[in-house]
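Inspection log for the structure reproduced underneath, given as structure tokens.
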2 protein chains.
Amino acid sequence: MKRRKSGKVAVGAKVGPRKPADSPGLGHLHQHLGYFLRRLQIWVFQDFLEALAPMKVRTAQYSVLLVIEANPGRSQAAIGQTLNIERARLARLLHGLGRRNWIVRRASGRDARSHSLYLTPKGEKALIKIKTLAEKHEARLARHVGPARRKQLIDLLRDFG
Amino acid sequence: MKRRKSGKVAVGAKVGPRKPADSPGLGHLHQHLGYFLRRLQIWVFQDFLEALAPMKVRTAQYSVLLVIEANPGRSQAAIGQTLNIERARLARLLHGLGRRNWIVRRASGRDARSHSLYLTPKGEKALIKIKTLAEKHEARLARHVGPARRKQLIDLLRDFG
DNA sequence: TATTGTTATACTCTATAACTATA
DNA sequence: TATAGTTATAGAGTATAACAATA
């Protein structure tokens, strides 16, 4: 407890090339998967945002467009459940996509309460561009983490939900 | 293109146990590491929040406490850079920790503009409890993804920034 | 009663800009 | 002029509750 203070080992008297003071370490944070997960996730989302800026598409919008494309005619409730998006938030998000004429909501035959969602031809066209930009992002991500690491990560992460 | 429509293969006439309609698939989202990264990250943060609820600590607060513990006496700027927290946000966050008497800001000898950050004795005590709760969270995470997968993920993610 | 979708509110996180006091 | 910290504002994401129409 007291021993440590007795040494006078050239404190603050580093020789050699002047470095900036060592940046603080992470301490016990090093043991938490969540911290590193979050760090990479932030990098990914920021890079995605920049990559998709020409089309002004955000991650949530992108995911909704892809799920509608893969499942045309489904209801908002179904899409929301798949992507874990609150129906309130999804309603506003879809309103935005509707204003850009990328999607339409048609009355569902079966249930007058629910809307069936479809991409419009304009939406399909836009999605082609969007996917091209998203592929560029994914390529940058592969460069950032290394292609092998990217593959390992996606294989590890895909298998549960 | 037209061929697919000609078949009349019992559309909507599934036999066997009545399942709920298939939930929508992810489509091209399956190719994006970011999507799966984000999904797990949300699970982790929610579980962390629940685990730490008894101490009313959030992820950002936790990370700041750990970095101060590992680097006592550093400035807000230094802590903020390490954790990528905006100085404006960090100021308010530290204000909150100060109100709970978990940290103190002393005037730095060298530079009258900057504050040196320390845990208080009360903060150190709190951090012991907090770490215990955080370990429970990490154990639940290990159960959620599998201990082996957790280790693989953390090894893969730790090596860059 | 329960569900679908809408609207409104509130809280957190994030990003900025403006300000002070020091350097 | 640049930096450390503070304060204020605004946007996006998230979580609720209340509501209308329909089941």
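We name chains A, B, ... by the order of the sequence lines, and we start the count at 1 in each one.
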All N/O donor-acceptor pairs, side-chain side in residues 50-61 of chain B, below 3.5 Å, sequence neighbours left out:
{"residue": "B:Gln61", "atom": "OE1", "partner": "B:Arg58", "partner atom": "N", "Å": "2.8"}

Could you state the NZ-C1' distance from B:Lys56 to C:dT12, rounded to the nearest angstrom? 16 Å
Distance check needed: D:dA21 P versus A:Gln76 CD, whole Å only. 17 Å
Once you round it to whole Å, what is the distance between C1' of D:dA12 and CZ of A:Phe48? 15 Å
Using whole Å, what does the distance between atom P of nucleotide C:dT4 and atom CG of A:Leu117 come to? 13 Å
Among residues two or more places apart or on two chains, list those pairs meeting ring-ring contact (aromatic ring centres under 6.0 Å, His included) that have a residue in residues 70-102 of chain B. none
Restricting to ring-ring contact (aromatic ring centres under 6.0 Å, His included), what partner residues turn up for A:Tyr35, sequence neighbours left out? none
Which residue pairs pass the salt bridge (charged side-chain N to carboxylate O under 4.0 Å, His left out) test when at least one of the two sits in residues 76-100 of chain B, sequence neighbours left out? none
B:His30: partners by ring-ring contact (aromatic ring centres under 6.0 Å, His included), with sequence neighbours left out: B:Phe36
Give the rounded distance in Å between these two atoms: CG of A:Leu49 and P of C:dC13. 20 Å
Without decimals, in angstroms, what is the distance between B:His115 NE2 and C:dT20 P? 16 Å
Pairs in or reaching into residues 126-136 of chain A: which pass salt bridge (charged side-chain N to carboxylate O under 4.0 Å, His left out), with residues at least two apart or in two chains? A:Glu69-A:Lys131
First of B:Gln81 and A:Thr59 reached from the 5' end of DNA chain D, by closest nucleotide: B:Gln81
ring-ring contact (aromatic ring centres under 6.0 Å, His included) partners for B:His115, two or more places apart: none
Count I, L, V, M, F, W, Y as connected when their side-chain heavy atoms are under 4.5 Å apart, and connections chain through other members. Are B:Val104 and B:Leu119 then in the same cluster? no
Close N or O pairs between protein and nucleotides 14-18 of chain D (under 3.5 Å):
{"residue": "D:dT14", "atom": "OP1", "partner": "B:Arg38", "partner atom": "NH2", "Å": "2.5"}
{"residue": "D:dT14", "atom": "OP2", "partner": "A:Arg89", "partner atom": "NH1", "Å": "2.5"}
{"residue": "D:dA15", "atom": "OP1", "partner": "B:Gln46", "partner atom": "NE2", "Å": "3.2"}

So if I take residues 93-114 of chain A and measure heavy-atom distances to DNA chain C, which residues fall below 4.0 Å? A:Arg105, A:Arg113, A:Ser114
